[in-house]
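What follows is a short report on a single structure.
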Protein chains: 2
Amino acid sequence: MVEETAIPTLADVAARAGVSTATVSRVLNSPDKVAPKTRERVARAVADLGYSPNFGARVMAARQTKTVGAVIPTMENAIFAKGLQAFQEALHEYGYTLLVASTGYDAEVEDAQIRALVARGADALLLIGHSRGRGLYDFLARQEVPAVVTWAVRPDDAGAVPSIGFDNRQAMRELAGHVIGLGHRHLALISAEIAQNDRAAERRAGVRAALADKGLSPDALIYVETPYGFDEGSVAFAQVMAKRPRPTAVLCGNDVLAAGALRQARAMGLDVPGEVSITGFDDIDLAQILHPPLTTVRVPHRDMGRQAALALIGHLTGAAPLSSATLDTSIVLRDTLAPPGHT
Amino acid sequence: MVEETAIPTLADVAARAGVSTATVSRVLNSPDKVAPKTRERVARAVADLGYSPNFGARVMAARQTKTVGAVIPTMENAIFAKGLQAFQEALHEYGYTLLVASTGYDAEVEDAQIRALVARGADALLLIGHSRGRGLYDFLARQEVPAVVTWAVRPDDAGAVPSIGFDNRQAMRELAGHVIGLGHRHLALISAEIAQNDRAAERRAGVRAALADKGLSPDALIYVETPYGFDEGSVAFAQVMAKRPRPTAVLCGNDVLAAGALRQARAMGLDVPGEVSITGFDDIDLAQILHPPLTTVRVPHRDMGRQAALALIGHLTGAAPLSSATLDTSIVLRDTLAPPGHT
DNA sequence: GTGGTAACTGTAAGCGCTTACATTTGATTT
DNA sequence: AAATCAAATGTAAGCGCTTACAGTTACCAC
């Protein structure tokens, strides 16, 4: 056991196989360029040594990593999971690896994570939402790292990063419109924090637009903003129900807040949807597990993820320029929404 | 606009600041070794150029990446999220970055992801559970990448990767023991798939042990194994309730399956816990959102994540050898468990 | 046999960065 | 003002890999 203890390198493999490093590199990257015999000998050496290429060196020499990064606000729940899963699957089909970093909805952390991923050689990036400093986009441009934004669209700004997402405002506007159409006049909105979160901002704008559509005053909207979480949703619901006139429908910026709201409603002995209607947004699996099942907005998570991946890959391989796409959402009527009742 | 279009390198910065590359490198890595004036000049050049260090090159030259990787079965739900979050936070405190890869509970994918992370220069790894090929551990050893296993412990095998987790078997044994103590005699277990998943296997073993403890036959356990998911839980519950003697308590391998089971019970018009008790495992947030709130096993997610991070960091900095730790779990009695009732 | 060609394989020049070591600078001391 | 030494900076040698280019072989057609 006088084993060489250092981590084996290409050169070690080459030596053991009695070939040059170039040949080893070839069998690793384009096996068909090497004679079967040599290839096998090298393969054996690789196996014997337990050799694994040093990625850093490879990246440096080859200028591409076949990995794409995704920076998401949180892994704490399923909101981004489905889409990311599809994204990952599509990437995998094309031989790319996905690396995920999360930010906890913190802009500074996001900045750092994006830079970390780029520095680490991500060939491309998936970002959530548009709201981040101009500087970051400049940085990406300078580093020549293509990026695509999902979970949102920005129709107005042609110069920004392309987005493959959906129209948060329009979706919420439709849902709120439907709620109002049912006869609700006193609406409340429990929103995620809007600073740094354009999806939340857009959704609120959607509710206001719907109010305006129906000739109601957006100012009458009872509004509470809260961090993300079940408990936060519960607390916000209690707050909102304490207002007068008491809302007959409580729209929530996402399903998680809605779940918290629903729980609180039960705790308060309120019948849903008899005494108060509650809606969510995202249609994550949770929405169907709740009781009653949650009325919400369905987002094409998987489609979005896959399309984003294909767009990025298409761009990386030079097949097509990156372009935006807007996917459709739909309202999923389940059992937490009904016309305003007694009281 | 005759901007140099190439990505700026250390040398570019050095040239612009009128210093050597060594100096630039120093202001980037140990600013205090550089005169304030120079430092500032370099900083300006960095900013002007929008320079960002090439990670690959840095890794290669410096031999460490300050990043640790985590390979988890799935991001589709909150099971690993809490622990990972804590893991990440602790890493962050020490200047490390976390990179996450998921496997979809597929051993081959896991193998690939682990290698990818190592190749990418992860200084250390967080793994879930013990069940994977010996070869992988050899690989890690050879690459000198320390790893720690979480969500499980393996008391018997001293040679393996150290683990910072909890005793799945014992935890489940206690829960099942409690259920039996309540008077239940007909138990069912809805388990996650056991192949490749030692946590699930251990939990099942725990139920069997509890049965044996009380002098009941482990063979009488109604057992269904299913992939992960709400719907899967529902289906499994229906299967299990079709068996005779009909179980009065249905233990689930995790909270997600339990949530599905609970929904199915409602769909079948079964009162929980009046007609049938249901329990989960993990105590993810979801457990409290369900109605009725789920009786389950609390796992010290955050503690586990943090301790794993600290252990890894301690090892990387040479402060302490990696060693195992077993954390305590506890039974959380909520409202889905009661003594067997009528019927 | 020869020359020509295709198929392999080797040589060596970087990729962008860190860092040991050498050199220069500038205080401080005498 | 010379000597001394610490602080600041520069020089240059790699880190492990890819790849353009050059050199070898092996094989065929003539």
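Rounded to an integer number of Å, the gap from B:D32 CG to D:dA8 P is 9 Å. Nucleotide D:dT18 holds its P atom 14 Å from the NZ atom of A:K66, rounded to whole Å. Atom CG of B:L10 is separated from atom C1' of D:dA12 by 14 Å (rounded to the nearest Å). Per the geometry, CZ belonging to A:R39 stands 9 Å off P belonging to C:dT9, to the nearest Å. Rounded to an integer number of Å, the gap from B:L28 CG to C:dC17 P is 9 Å. Computed from coordinates, the B:K33 NZ to D:dT9 P distance equals 13 Å when rounded to whole Å. As a whole-Å value, the separation of A:K37 NZ from D:dT25 P is 16 Å.
Relative to the side chain of A:V19, the nucleotides D:dT9, D:dC17, C:dG10 differ in distance, and C:dG10 lies closest. Proximity note for B:R58 (side chain, C-beta onward) versus C:dT18, D:dC21, D:dG16: the nearest is C:dT18. Closest to the side chain of B:A22, from the set D:dT18, D:dG10, C:dT18, is D:dG10. In this structure, the nucleotide among D:dT19, C:dC15, C:dC17 sitting nearest to the side chain of A:A61 is C:dC15. Checked against C:dC17, D:dG10, D:dC17, the side chain of A:P53 finds its nearest nucleotide in D:dC17. Of the candidate nucleotides D:dG10, C:dT18, C:dA12, C:dA12 has the atom nearest to the side chain of A:T21. The A:T9 side chain lies nearest to D:dG16 when the options are D:dC21, C:dC17, D:dG16. In this structure, of C:dG16, D:dC21, D:dT9, it is D:dC21 that holds the atom nearest to the side chain of A:R26. The side chain of A:T23 approaches C:dT9 more closely than any other nucleotide in the set C:dT18, C:dT9, D:dT18.
One N or O on the side chain of B:S324 and one on the backbone of B:S163 form a donor-acceptor pair closer than 3.5 Å. Put simply, the side chain of B:D12 gets close to the backbone of B:T9: a donor and an acceptor are under 3.5 Å apart.
Residues B:D198 and B:A152 approach most closely at OD2-CB, 4.1 Å, considering heavy atoms.
Within a 6.0 Å radius of OH in A:Y94, other residues, nucleotides and ligands contribute 12 heavy atoms or fewer.
Nucleic acid contact class of B:V34 (heavy atoms, under 4.0 Å, all strands): sugar-phosphate only.
Between A:N54 and D:dC15, a side-chain N or O to OP1/OP2 separation shorter than 4.0 Å is absent. Side-chain N/O atoms of A:S20 include one lying less than 4.0 angstrom from OP1 or OP2 on C:dG10.
Under the side chain to side chain donor-acceptor pair (under 3.5 Å) rule, A:R306 has a single partner from A:E93, A:E89, A:H301, which is A:E93.
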